[in-house]
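The structure under discussion appears below in the form of structure tokens.
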Protein chains: 2
Amino acid sequence: MPRDVLHQEQIIQAAIALLDEGGIESLSMRRLGSRLGITAAALYWHVKSRHDLLLLAADTVWGRTPLPALDGLEWRPVLLAMADNLRSMLLRHPWTLAAMTVQPLDGPARNRHDEHLLAVCEASGLTRRDAEQAAQSVVTFAIGSALAATPRPYVSFGLQSLLDGVEARLAART
Amino acid sequence: MPRDVLHQEQIIQAAIALLDEGGIESLSMRRLGSRLGITAAALYWHVKSRHDLLLLAADTVWGRTPLPALDGLEWRPVLLAMADNLRSMLLRHPWTLAAMTVQPLDGPARNRHDEHLLAVCEASGLTRRDAEQAAQSVVTFAIGSALAATPRPYVSFGLQSLLDGVEARLAART
DNA sequence: ACCTGAACACCGTTCAAGT
DNA sequence: ACCTGAACACCGTTCAAGT
């Protein structure tokens with residue numbers, strides 16, 4: 001188990017390298033194997049399938065998205081930063097978007113990111129339900145901006161408007 | 001040209017059928033050919049490549065998204081309807097999302113949709129620049145909601161908040 | 001436990017050759 | 001103008017067999 005986990009880790013890293021270089025098409029079991037000095041068939045000892053490996057790779061890069069500290073007082077800039085970090089990670093690894101089209105991701109890293117976002121929204125004073133919706137809206141917009149290749153100033157406009165709307169809802173409660 | 005265009009049209013329709021049935025993986029030139037009673041190689045007379053065919057198919061279904069009339073007075077419900085129509089089209093043909101990851105779409109149908117959205121935003125009284133940003137924000141959110149599999153009530157929250165923000169910007173101008 | 005070799009059932013694309 | 005056949009260089013996955 002310790003040895004095997006290490007191998008799987010190596011395989012995922014090599015897969016990410018391949019994906020970053022040539023996109024989703026360039027991840028083939030044969031190519032990946034030869035890069036690791038191994039047969040394509042041998043990969044199946046460590047990984048269930050190409051499909052599964054892709055999901056593992058996607059969750060891994062998701063885990064590289066920085067999560068800003070929660071102790072700051074302003075929730076808006078934190079949300080903006082998280083959206084921007086997520087968007088730029090998705091643009092840096094566009095194959096993650098392709099991975100999402102084959103199956104909704106919910107690896108541990110992705111879940112940790114979602115929970116962090118939710119925590120920020122709750123800290124703003126929104127009700128639990130509104131915070132959940134606000135958090136989901138932010139990821140939705142960030143993911144959409146990557147897939148739709150939305151230019152940065154447009155992203156900023158959309159996010160600001162969204163948060164303005166959320167803030168109005170918040171103000172209406174007090 | 002008349003005959004050939006008809007053939008290309010048939011090929012695209014058959015491709016869409018295949019894609020709707022089994023997703024992006026199930027569109028193969030060989031399978032498509034055999035469904036049309038033709039060799040895979042023969043398809044290349046009508047279509048440049050599989051990649052190209054996929055983009056043609058995506059633009060075709062984009063063209064099936066209804067565009068609401070512009071004569072209504074309320075821009076908000078029109079925008080909400082357009083976002084909802086787009087989202088449900090994307091969910092009905094999830095392979096369009098995969099197509100977007102291989103290349104930003106800009107077929108005629110897609111462009112017509114974008115222009116319609118822009119026209120609605122401009123009719124609201126926003127400046128040209130703000131209208132462009134608002135329109136882009138709406139597609140971004142709709143596309144994101146399909147890829148992120150955002151549940152419908154969450155989509156509604158996000159879109160309402162976004163439009164609240166836009167409306168505030170509009171009110172500030174007058 | 002981990003890996004190889006060979007096999008199966010596929011791919012996209014090109015291109016000479018047919019009609 | 002439109003299509004076929006054959007070929008090339010690939011795929012993912014399984015599985016007996018090796019160590």
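Every chain is numbered from 1 and lettered A, B, ... according to where its sequence line falls, protein lines coming before strand lines.
If you find the closest nucleotide of DNA chain D to Ala42(A) and to Leu27(A), the one lying nearer the 5' end belongs to Leu27(A).
Protein atom CD of Glu25(A) is 11 Å distant from nucleotide atom C1' of dC11(C), rounded to whole Å. In this structure, the CG atom of Asp52(A) is 14 Å from the C1' atom of dG12(D), given to the nearest Å. Residue Arg50(B) contributes atom CZ, which lies 15 Å from atom P of dT14(C) at whole-angstrom precision. Here the P atom of nucleotide dG12(C) and the CG atom of Leu32(B) are 9 Å apart, to the nearest Å. Atom CD in Gln8(A) sits roughly 12 Å away from atom P in dC2(C) (whole-Å rounding). If you measure from atom NE2 of His46(A) to atom P of dT13(D), you get 16 Å, rounded to the nearest angstrom. Taking atom CD1 on Ile38(A) and atom P on dG18(D), their separation rounds to 20 Å, with Å as the unit. One interatomic measurement links the two molecules: CG of Leu43(B) to P of dT13(C), which rounds to 10 Å at whole-angstrom precision.
Distances shorter than 4.0 Å separate some side-chain N or O of Ser28(B) from OP1 or OP2 on dC11(C).
Atom P of dC10(D) sits at a distance of 22 Å from the matching atom of dA9(C), rounded to the whole Å.
Using a 4.0 Å cut-off between charged nitrogen and carboxylate oxygen, Arg76(B) and Asp164(B) count as a salt-bridge pair. Between Arg35(A) and Glu21(A) there is a salt bridge, with a side-chain nitrogen of the basic residue lying less than 4.0 Å from a carboxylate oxygen of the acidic one.
Candidate nucleotides dT13(C), dA1(C), dG12(D) were compared by shortest atom distance to the side chain of Met29(B), and dT13(C) ranks first. For Arg30(B), taking side-chain heavy atoms from C-beta onward, the closest of the listed nucleotides dC11(C), dC11(D), dG5(C) is dC11(C). For Arg31(B), taking side-chain heavy atoms from C-beta onward, the closest of the listed nucleotides dT13(C), dC11(C), dG5(C) is dC11(C). For Trp45(A), the listed nucleotide lying nearest its side chain is dC2(C); candidates were dA1(D), dC3(C), dC2(C). Of all nucleotides listed (dT13(D), dG12(C), dT4(C)), dT13(D) comes nearest to the side chain of Ser49(A). Out of dC11(D), dC3(C), dT4(D), the shortest distance to the side chain of Ala41(B) is found at dT4(D). The side chain of Tyr44(B) lies closest to dT14(C) when the candidates are dG5(C), dT4(D), dT14(C).
With hydrophobic clusters built from ILVMFWY side chains whose heavy atoms lie under 4.5 angstrom apart, Trp62(A) shares a cluster with Leu67(A). Under a hydrophobic clustering in which Ile, Leu, Val, Met, Phe, Trp and Tyr are joined whenever their side-chain heavy atoms come within less than 4.5 Å, directly or via other members, Leu118(A) and Tyr154(B) fall into different clusters.
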Using Watson-Crick or G-U wobble pairs with both distances under 3.5 Å, give me DNA chain C in dot-bracket, 5' to 3', with [ ] for crossers and | for pairs to another strand. ||.|||||...|||||.||
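Using a 4.5 Å cut-off on side-chain heavy atoms (C-beta onward), Gln10(A) and His46(A) make no contact.
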Donor-acceptor pairs are to be reported for all side-chain atoms of residues 130-139 of chain B against protein atoms at under 3.5 Å, with residues two or more places apart or in another chain.
unit_1: Glu132(B); atom_1: OE2; unit_2: Arg128(B); atom_2: NE; d: 3.2
unit_1: Gln136(B); atom_1: OE1; unit_2: Thr140(B); atom_2: OG1; d: 3.3
unit_1: Ser137(B); atom_1: OG; unit_2: Gln133(B); atom_2: O; d: 2.8

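Here His93(A) pairs with Trp95(A) under the ring-ring contact (aromatic ring centres under 6.0 Å, His included) rule; sequence neighbours left out.
In this structure, Arg64(B) places its CZ atom where more than 12 heavy-atom neighbours from other residues, nucleotides or ligands lie under 6.0 Å away.
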